[in-house]
Protein chains: 2
Amino acid sequence: MHPTDSELEILNILWANGPNNVRFINEKLNQKREVGYTTTLKIMQLMFEKGLITRDDSNKTHIYKSNIKEGKTKQSLLQNFVQNTFNGSMKALVVEALGEGSSSKEELDEIKRFIKSIQEKEQ
Amino acid sequence: MHPTDSELEILNILWANGPNNVRFINEKLNQKREVGYTTTLKIMQLMFEKGLITRDDSNKTHIYKSNIKEGKTKQSLLQNFVQNTFNGSMKALVVEALGEGSSSKEELDEIKRFIKSIQEKEQ
DNA sequence: TTTTATCTACGAAATCATTCGTATTTAATA
DNA sequence: TATTAAATACGAATGATTTCGTAGATAAAA
């Protein structure tokens, strides 16, 4: 089950900050863009119904928690994106990713260093 | 302007096969999944209105042609995906892409060879 | 020329994501 | 206790995407 963009935004906040209430999430979201409180609440309620998140409702203020794994989720989203956009070829994606414009020079260097570290590890 | 998933499917066919009519696109789509002819037609008409594709309507059967560049489009989609999913870090994406499960061993090797070729070219 | 096949145009329904207003409940404060 | 503040629940509107049926136009075939 794939989260939508809005749901992913919320999941990212939960993954980075751990379980939290709606107000916290909403404030984090509002650091990026304007969102009404009840909008965030509604989306999180729907996410709860979908099973994307769980909640502790033993207190007035409910505490929400991600119910799906960050790594698995992102890997699945990536898989899906590669399928749709690059006909399933991860290489085509990497070619585009390492091509001009996509990343800063610093990040490119960092990526190359990472690749190198894999290669060394495996030999 | 970002194409939707369905629109991207159609664009991919146009990019790979050049200008074509609705029937051709629809048949290609039906090799993957069942889609009605008028569904494909409608989507392409909307794509035309959005300016994603152009058409030659001098004959009864209209010939449609992509109006956006494959490379630019995919780069932009990738940029967007990286922003939403990996907080803008292309490295985080590559880490996930080269991680286990995402690609076959063969493809991984291919990617590594590609990376190597870049590194050699730049030094 | 009449019939048949093919294509476009168009409208409308179904689904989904997002948004927010209002009502209600609960807790904290005066 | 009475008031205020904060939280949840819920319904409904909006807009976008996808789907397809039907009607009408055009060309090809009989």
Side-chain angles (χ1 to χ4, degrees), chain A residues 1-14 19-65 68 73 76-77 80-81 83-85, chain B residues 1-14 19-65 68 73 76-77 80-81 83-85:
Chain A
M1 212 276 128
H2 275 177
T4 67
D5 283 357
S6 288
E7 291 171 343
L8 186 60
E9 261 186 309
I10 290 172
L11 285 169
N12 273 325
I13 295 172
L14 287 174
N20 263 296
N21 60 23
V22 176
R23 182 143 308 275
F24 177 84
I25 305 290
N26 186 245
E27 274 164 11
K28 280 279 180 191
L29 288 178
N30 274 276
Q31 289 172 7
K32 285 209 301 178
R33 59 189 181 88
E34 205 180 306
V35 207
Y37 177 84
T38 54
T39 301
T40 303
L41 171 65
K42 180 68 160 191
I43 292 178
M44 292 179 73
Q45 284 171 341
L46 291 174
M47 289 172 77
F48 172 67
E49 283 175 22
K50 292 179 187 175
L52 291 173
I53 53 183
T54 57
R55 72 179 176 190
D56 173 358
D57 59 357
S58 60
N59 294 299
K60 182 196 171 191
T61 302
H62 301 175
I63 303 295
Y64 289 86
K65 180 172 174 272
I68 59 180
T73 301
S76 170
L77 286 168
N80 190 66
F81 176 75
Q83 191 57 54
N84 291 340
T85 311
Chain B
M1 214 275 127
H2 276 176
T4 67
D5 283 356
S6 289
E7 291 170 344
L8 185 59
E9 260 186 311
I10 291 172
L11 284 169
N12 273 325
I13 295 172
L14 288 174
N20 263 296
N21 61 23
V22 176
R23 182 144 307 275
F24 177 84
I25 305 290
N26 186 244
E27 274 164 11
K28 280 278 179 189
L29 287 178
N30 275 275
Q31 289 172 7
K32 286 209 302 178
R33 61 189 180 87
E34 205 181 307
V35 206
Y37 177 84
T38 53
T39 302
T40 303
L41 172 66
K42 181 67 161 191
I43 293 178
M44 292 181 74
Q45 285 172 340
L46 292 174
M47 289 172 78
F48 172 67
E49 283 174 22
K50 292 179 185 175
L52 291 173
I53 54 183
T54 58
R55 71 180 177 190
D56 173 357
D57 59 357
S58 60
N59 294 299
K60 182 194 170 192
T61 302
H62 300 175
I63 303 295
Y64 289 85
K65 181 172 174 269
I68 58 180
T73 301
S76 171
L77 286 168
N80 190 66
F81 176 75
Q83 190 57 54
N84 291 341
T85 311

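Below, chain A is the first sequence line, B the second, and so on; all start at residue 1.
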Nearest-angstrom distance from the residue atom CD1 of A:Ile43 to P of D:dA9: 16 Å
Whole angstrom value for the distance that separates C1' of C:dA17 from CG of A:Leu41: 16 Å
5'-most by nearest nucleotide on DNA chain C - A:Glu34 or A:Lys60: A:Glu34
Distance in angstrom units between B:Asn26 CG and C:dT8 P, rounded: 11 Å
Donor-acceptor contact present, side-chain B:Asn12 to main-chain A:Asn84, <3.5 Å: yes
Position toward the 5' end of DNA chain C (nearest nucleotide), A:Asn59 or A:Gly36: A:Gly36
side-chain N/O B:Arg33 vs D:dT19 OP1/OP2, d < 4.0 Å: yes
Sugar-phosphate only, base, or nothing, as touched by B:Ser6 at under 4.0 Å among non-hydrogen atoms: sugar-phosphate
Side chain of B:Thr39 - closest among D:dT19, D:dT8, D:dT17: D:dT19
Gap between atoms CE and C1', on A:Met47 and C:dC16 respectively (whole Å): 15 Å
Rounded distance in Å - CZ (A:Phe24) to C1' (D:dA7): 18 Å
Sugar-phosphate, base or nothing in reach of B:Gln45, heavy atoms under 4.0 Å: base
Residue-phosphate contact under 4.0 Å: B:Arg23 side-chain N/O, C:dT6 OP1/OP2: no
B:Leu77 and B:Leu8, any side-chain heavy atoms less than 4.5 Å apart: yes
Side chain A:Asn80, main chain A:Ser76, donor-acceptor under 3.5 Å: no
Sugar-phosphate only, base, or nothing, as touched by B:Thr38 at under 4.0 Å among non-hydrogen atoms: base
Atom-to-atom span, CG of A:Leu52 to P of C:dC16 - whole angstrom: 14 Å
C:dC7 phosphate, OP1 or OP2, under 4.0 Å from B:Arg55 side-chain N/O: no
Rounded interatomic separation in angstrom, taking CE from B:Met44 and C1' from D:dT19: 16 Å
For B:Leu14 against B:Lys65, the heavy-atom pair lying closest together: CD1-C, 4.2 Å
Sugar-phosphate only, base, or nothing, as touched by A:Thr61 at under 4.0 Å among non-hydrogen atoms: sugar-phosphate
Distance, rounded to the nearest Å, where B:Asn21 contributes CG and D:dT26 contributes C1': 15 Å
Residue pair B:Leu11 / B:Ile53, side-chain heavy-atom distance below 4.5 Å: yes
N/O (side chain, B:Tyr37) to phosphate O (OP1/OP2, C:dT6) under 4.0 Å: no
No-H, no-angle donor-acceptor pair, B:Lys42 side chain to D:dG21 base, under 3.5 Å: no
